[in-house]
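Note sheet for the following structure.
First the proteins, then the strands, lettered A, B, ... as listed; each starts at 1.
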2 protein chains.
Amino acid sequence: MAGDKKISMAVIRRLPRYFRYLYDLIRLDIRRISSKELSERMDITASQIRQDLNCFGGFGQQGYGYNVQSLYDEIGRILGVERRFSCALFGAGNMGNALANYENFQNRGFDITVIFDSAADKVGTAIHGIPVLHVDGMESFLKSKHVDIAILTVPNRAMPDITARVVKAGVKGIWNFSPTDLKLGEGIVVENVHLSDSLMVLGYRLMEQLREDAARRK
Amino acid sequence: MAGDKKISMAVIRRLPRYFRYLYDLIRLDIRRISSKELSERMDITASQIRQDLNCFGGFGQQGYGYNVQSLYDEIGRILGVERRFSCALFGAGNMGNALANYENFQNRGFDITVIFDSAADKVGTAIHGIPVLHVDGMESFLKSKHVDIAILTVPNRAMPDITARVVKAGVKGIWNFSPTDLKLGEGIVVENVHLSDSLMVLGYRLMEQLREDAARRK
DNA sequence: ATCATTTTGTGATTTTTTTGTCAAAACGAA
DNA sequence: TTCGTTTTGACAAAAAAATCACAAAATGAT
């Protein structure tokens, strides 16, 4: 049952997907589901589903399956959706703007409380009601207000400086949108969103696919 | 040597990262590098680097290491950076705007040639010089102009319709920014960017880290 | 209440991925 | 050239992840 040996990252990264599918089921008013049926919807094996869920405890019932609502609640609890994190957004450029305006994050428990930038025409304004402050003032801000997560959408060249200062100020989580890989000490959690890497992989796979299509059509 | 047995996705997903590091080395005017030194910079094992690179052929030289420039060129060639893809962006919201304005994608060979939206106040305008057309006209547009990739940043509810139409129009690659998982037939390449999944994983890992910190401090 | 059916949880097995190891190749100093 | 050093490429071993397979539990129809 609820064994407490280290859960692998592969499993963790699948949890949000389960969470989304379960939410869909709730909206469809489906009350129970077997690993088999879920596996068909999600296009993974039933065995994997059972194994994944069992990392956290026996949520299912033999001969019945899983109760959708309570499984949803359990996964939500594991992912900590009820918890709230205070976030500071660095960089009010294109991506920064998009993130600041994206309400879903607030709904998911991530509150962007402040935006830092260095452009004179942005400092003093507000985006989606969130004040934009000059990045020079980050230390004093972070000293008075607790911030859990720094969301980094600053240009590459600014990354080393900003990162070092953010970490020094005690921020423990980083959501990184720059292509830079952050090499940070123990105790800092970094989650990267490398859009250009993703795009390059898409390009590679698409080329491969087109090559395959051409070969078949030959 | 250049064996042609299927390259695993795990390897492919690491290539853009090698590519970035090699570019950094070029800018630092470093001409040659051993797997050992690269492994220290990238924080992976030298063995993995050698194994990864050998999937595509013997780029290195014993006693010398790898020539940075030619390795960079090789990986670029594998990733197809010289190829150009024509892209259509669907959704001129926050994320759509950010992507349309992000010049790096154009530089990487992905040309956004058109933007589709359904909002009356957006249709007819241009974003970053790219015309915004009404989504109703996508079929006729896609019939006359070839489009390789659809970039989807439309609301969830619009996804099923847009996806079906895009695929029907012959688009072969999809860069998906919606939380929806696309279940499409063979021959369509989908690359997902699930921002909220990434954020949830960050939240989970951060919670875990904070718990650990607390335990140590106890 | 009985029993055939469903379906989980779990240990075993297989597959995939990563890491370790070393002979052979190339280097570069003397 | 010669020889000790460096470093790859390839293979072997280990670790991690996914899948299989089945006993045991619960269901639900009769």
Side-chain angles (χ1 to χ4, degrees), chain A residues 1-18 21-22 25 30-75 78 201 205, chain B residues 1-18 21-22 25 30-75 78 201 205:
Chain A
M1 312 257 158
D4 41 21
K5 85 160 177 305
K6 194 63 164 35
I7 312 289
S8 86
M9 208 29 94
V11 175
I12 300 301
R13 291 205 179 280
R14 279 193 292 267
L15 291 183
R17 186 148 182 269
Y18 289 124
Y21 272 84
L22 289 166
L25 291 175
I30 293 172
R31 307 295 176 85
R32 59 184 263 192
I33 194 152
S34 67
S35 58
K36 178 154 179 292
E37 204 200 321
L38 189 55
S39 80
E40 281 155 11
R41 287 173 178 269
M42 296 186 67
D43 207 27
I44 51 179
T45 64
S47 189
Q48 178 158 72
I49 292 175
R50 293 204 297 277
Q51 183 130 320
D52 282 354
L53 298 180
N54 254 91
C55 293
F56 302 97
F59 301 145
Q61 201 164 6
Q62 284 150 329
Y64 175 90
Y66 298 87
N67 177 289
V68 173
Q69 182 68 54
S70 67
L71 184 55
Y72 176 80
D73 293 343
E74 282 291 352
I75 293 181
I78 292 162
V201 172
R205 296 212 284 143
Chain B
M1 307 263 159
D4 43 19
K5 86 158 174 303
K6 194 67 165 32
I7 311 290
S8 86
M9 210 27 95
V11 176
I12 300 301
R13 293 205 178 279
R14 279 192 291 268
L15 291 183
R17 186 149 182 270
Y18 288 125
Y21 273 84
L22 288 166
L25 291 175
I30 294 171
R31 309 293 177 85
R32 59 185 262 194
I33 193 150
S34 68
S35 58
K36 179 154 180 293
E37 204 200 322
L38 188 55
S39 79
E40 281 155 11
R41 285 173 180 269
M42 296 186 66
D43 206 27
I44 51 179
T45 64
S47 191
Q48 178 158 71
I49 291 175
R50 293 203 299 275
Q51 182 125 325
D52 282 353
L53 298 181
N54 255 89
C55 292
F56 302 97
F59 300 145
Q61 201 162 8
Q62 284 149 327
Y64 175 90
Y66 298 86
N67 178 287
V68 173
Q69 183 68 53
S70 68
L71 184 56
Y72 176 80
D73 292 343
E74 281 290 353
I75 293 181
I78 292 162
V201 172
R205 295 211 287 143

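Remark: of the listed residues B/I78, B/I7, B/D52, B/I7 is the sole one forming a side chain to side chain contact (heavy atoms under 4.5 Å, CB included) with B/I12.
Contacts of A/S34 with the nucleic acid, taken as non-hydrogen atoms under 4.0 Å apart, involve only primed sugar atoms and P, OP1 or OP2.
Taking the nucleotide of DNA chain D with the nearest heavy atom to each of B/Y64 and A/Q48, the more 5' of the two is matched to B/Y64.
Ranking C/dT21, C/dT18, C/dT8 by closeness to the B/R50 side chain, first place goes to C/dT21. Of the candidates D/dC20, C/dG28, C/dG9, D/dC20 carries the atom nearest the A/S47 side chain, counting heavy atoms from C-beta on. Picking from D/dA26, D/dT7, C/dT19 the nucleotide with the shortest atom distance to the side chain of B/Q62 gives D/dT7.
The stretch residues 8-18 of chain A comes close to DNA chain D through A/S8, A/R14, each having a heavy atom under 4.0 Å from the strand.
The phosphate of C/dG9 has OP1 or OP2 within less than 4.0 Å of a side-chain N or O from A/Y66. Distances shorter than 4.0 Å separate none of the side-chain N or O atoms of A/R32 from OP1 or OP2 on C/dT6.
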Legend entry - side-chain contact (heavy atoms from CB on, under 4.5 Å) between A/E37 and A/Y66, intermediate numbers included: CA-CA 11 Å; A/E37 204 200 321; A/Y66 298 87; over 6 Å; no
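Between the base of D/dC11 and the side chain of B/Q51 there is a donor-acceptor pair shorter than 3.5 Å.
B/R17 is linked by a side-chain contact (heavy atoms from CB on, under 4.5 Å) to A/D181, B/R20, B/Y21, B/M42, B/I44, counting only residues two or more places apart in sequence or in another chain.
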